[in-house]
Amino acid sequence: MLAIQQLRVEVGARVLFDGLSFVLNREDRISFAGPNGAGKSTLMKCIAGVIEPNAGRITRPKGCRTGYLPQDGIHLSGHSLWEEAESAFAEARSLQSEIDNHSHELESLDPGTPPYSELLQEIGELELKLEHFDPSRIKPRIESVLGGLGFQREDFQRDCGEFSGGWQMRIAMARLFLQEPDILLLDEPTNHLDVDAQRWMETFLRDYRGAIAIISHDRSLLDELTNRTIAFERGQAAEYAGNYSFFVRESALRREILEKQY
């Protein structure tokens, strides 16, 4: 789904990583591990398109959607919580509008002509895309996600600006989960969650149909969710084919082998 090829990122005179290559496949669960400042968040920002690498390429299929949740810095205001959550379905609204316009245009065309057939085929393709969103489920999906993240029904019509920073991050998370991008990038998603909201999030992520890349200090979350680890240390990045506990054991074994070789 997404290929990282020979990626290099520098911060001033310091090289965070160089020659980094790996593939993120559909439904992969991958964590970025390593000490603070090693390059985990920087890599995630590169994948999200927030910053450009110094060298290398990031390629993905046409139409592949990527969603990114940063650690902090989200500030929303000027519309209600419900409106912000509902904006996750802007693409569905746009598709429905396009279908309606084309259907109206069909009425002025001769059914026996090529333009009619071509437009009818285009409507069919748009309807297939719309099925992914299942418009009849939009309202209950919004209610489920907002409730799962700890919002009450009386919060739905409150302006987003009334919520504190931690709750603003939950709003951003809700919108991202409702969008259901093909690749979900989460940087310390548990920072602003209580126990109940975190349990709900873990269940949601276990059932998620796309790929997930995550940074977290919560070892139990990484052990429960992930099946691959990219570890950063001293300007190098190494891949481990397992969760966080596997990475800890395997990295110790690799270090022991290197010491014996030395």
Side-chain angles (χ1 to χ4, degrees), residues 1-2 24-51 64-76 81 84-85 87-88 141-152 155 160 163-232 240 242-248:
M1 177 182 291
L2 179 142
L24 185 60
N25 298 304
R26 185 176 296 278
E27 297 189 4
D28 265 355
R29 304 289 188 263
I30 187 168
S31 70
F32 300 154
N36 291 337
K40 306 185 297 295
S41 295
T42 300
L43 173 59
M44 191 165 281
K45 288 176 182 177
C46 287
I47 298 173
V50 176
I51 62 176
C64 178
R65 298 177 302 128
T66 301
Y68 169 54
L69 182 74
Q71 285 191 45
D72 49 36
I74 299 294
H75 302 288
L76 304 166
L81 168 62
E84 178 64 24
S87 70
R141 282 165 68 188
I142 292 175
E143 291 174 342
S144 174
V145 170
L146 291 180
L149 289 174
F151 294 98
Q152 304 299 317
D155 294 326
C160 291
F163 294 93
S164 66
W167 285 94
Q168 294 249 342
M169 295 303 298
R170 293 197 199 198
I171 296 172
M173 183 182 290
R175 186 176 187 276
L176 192 60
F177 287 174
L178 289 165
Q179 286 176 326
E180 294 187 343
D182 302 296
I183 301 172
L184 195 56
L185 307 172
L186 305 173
D187 194 346
E188 297 290 355
T190 63
N191 276 1
H192 305 285
L193 302 182
D194 57 26
V195 173
D196 290 338
Q198 181 170 335
R199 285 175 179 163
W200 180 89
M201 183 199 72
E202 290 174 3
T203 300
F204 179 89
L205 294 179
R206 277 198 300 270
D207 297 334
Y208 195 71
R209 292 179 293 179
I212 299 173
I214 186 169
I215 300 168
S216 178
H217 286 92
D218 187 332
R219 178 170 176 165
S220 63
L221 171 64
L222 297 181
D223 279 348
E224 176 71 21
L225 180 66
T226 63
N227 51 27
R228 294 171 63 197
T229 303
I230 300 286
F232 297 84
Y240 296 81
N243 62 16
Y244 188 84
S245 289
F246 175 87
F247 148 67
V248 171

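Since the model is a prediction, treat every value here as computed from it, not as a measurement.
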Pairwise distance [atom1]([X]) to [atom2]([Y]) - rounded to 0.5 angstrom:
X: Gln179; Y: Ser87; atom1: CD; atom2: OG; value: 7.0 Å
X: Leu186; Y: Ile212; atom1: CG; atom2: CD1; value: 6.5 Å
X: Leu221; Y: Thr190; atom1: CG; atom2: OG1; value: 6.5 Å
X: Leu24; Y: Ile183; atom1: CG; atom2: CD1; value: 5.0 Å
X: Ile30; Y: Ile215; atom1: CD1; atom2: CD1; value: 11.0 Å
X: Leu2; Y: Asp182; atom1: CG; atom2: CG; value: 10.5 Å

Below 3.5 Å, can you tabulate the donor-acceptor pairs from side chains in residues 41-48 to any protein atom, sequence neighbours excluded?
| residue | atom | partner | partner atom | Å |
| --- | --- | --- | --- | --- |
| Ser41 | OG | Asp187 | OD2 | 2.7 |

Looking at every heavy atom in both [X] and [Y], which two are closest together, and how far apart are they?
X: Ser31; Y: Thr226; result: CB-CG2, 3.8 Å
X: Asp223; Y: Ser245; result: OD2-OG, 2.6 Å
X: Arg170; Y: Gly150; result: NH1-CA, 4.0 Å

I want to check something: taking the side chain as every heavy atom from C-beta on, are [X] and [Y] in contact at a cut-off of under 4.5 Å?
X: Lys40; Y: Ile230; answer: no
X: Tyr68; Y: Leu176; answer: no
X: Phe177; Y: Leu184; answer: yes

>> Do His217 and Glu188 pair up side chain to side chain, a donor and an acceptor below 3.5 Å, judged on atom types alone?
In response: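 Looking only at side-chain atoms, Glu188 and His217 do form a donor-acceptor pair, the distance falling under 3.5 Å.
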Under 3.5 Å, is there a donor-acceptor pair between the Arg206 and Thr203 side chains?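 There is such a pair between these side chains.
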Could you check Leu149 against Leu193 for side chain to side chain contact (heavy atoms under 4.5 Å, CB included), going step by step and ending with a plain yes or no? CA-CA 8 Å; Leu149 289 174; Leu193 302 182; 4.3 Å; yes
Using 30° and 60° as the class limits, which term best fits the ring planes of Tyr240 and Phe247: parallel, tilted or perpendicular?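 Perpendicular, since the angle between the ring planes exceeds 60°.
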According to the interplanar angle, ranging from 0 to 90°, do the rings of Phe163 and Trp167 count as parallel (below 30°), tilted (30 to 60°) or perpendicular (above 60°)?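 Taking Trp167 first and then Phe163, their aromatic rings sit tilted (interplane angle of 30° to 60°).
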Practice item. Just jot down the side chain to side chain donor-acceptor pair (under 3.5 Å) partners of Ser216, sequence neighbours excluded, or say none. Key: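 Checked Ser216 against side chain to side chain donor-acceptor pair (under 3.5 Å); zero matches.
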Evaluate the criterion side chain to side chain contact (heavy atoms under 4.5 Å, CB included) for residue pair Asp72 and Asn191; output intermediate values, then yes/no. CA-CA 9 Å; Asp72 49 36; Asn191 276 1; over 6 Å; no
Q.
Heavy-atom count check: over 12 atoms from other residues, nucleotides or ligands less than 6.0 Å from Tyr244 OH?
A.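 Open: at most 12 neighbouring heavy atoms sit under 6.0 Å from OH of Tyr244.
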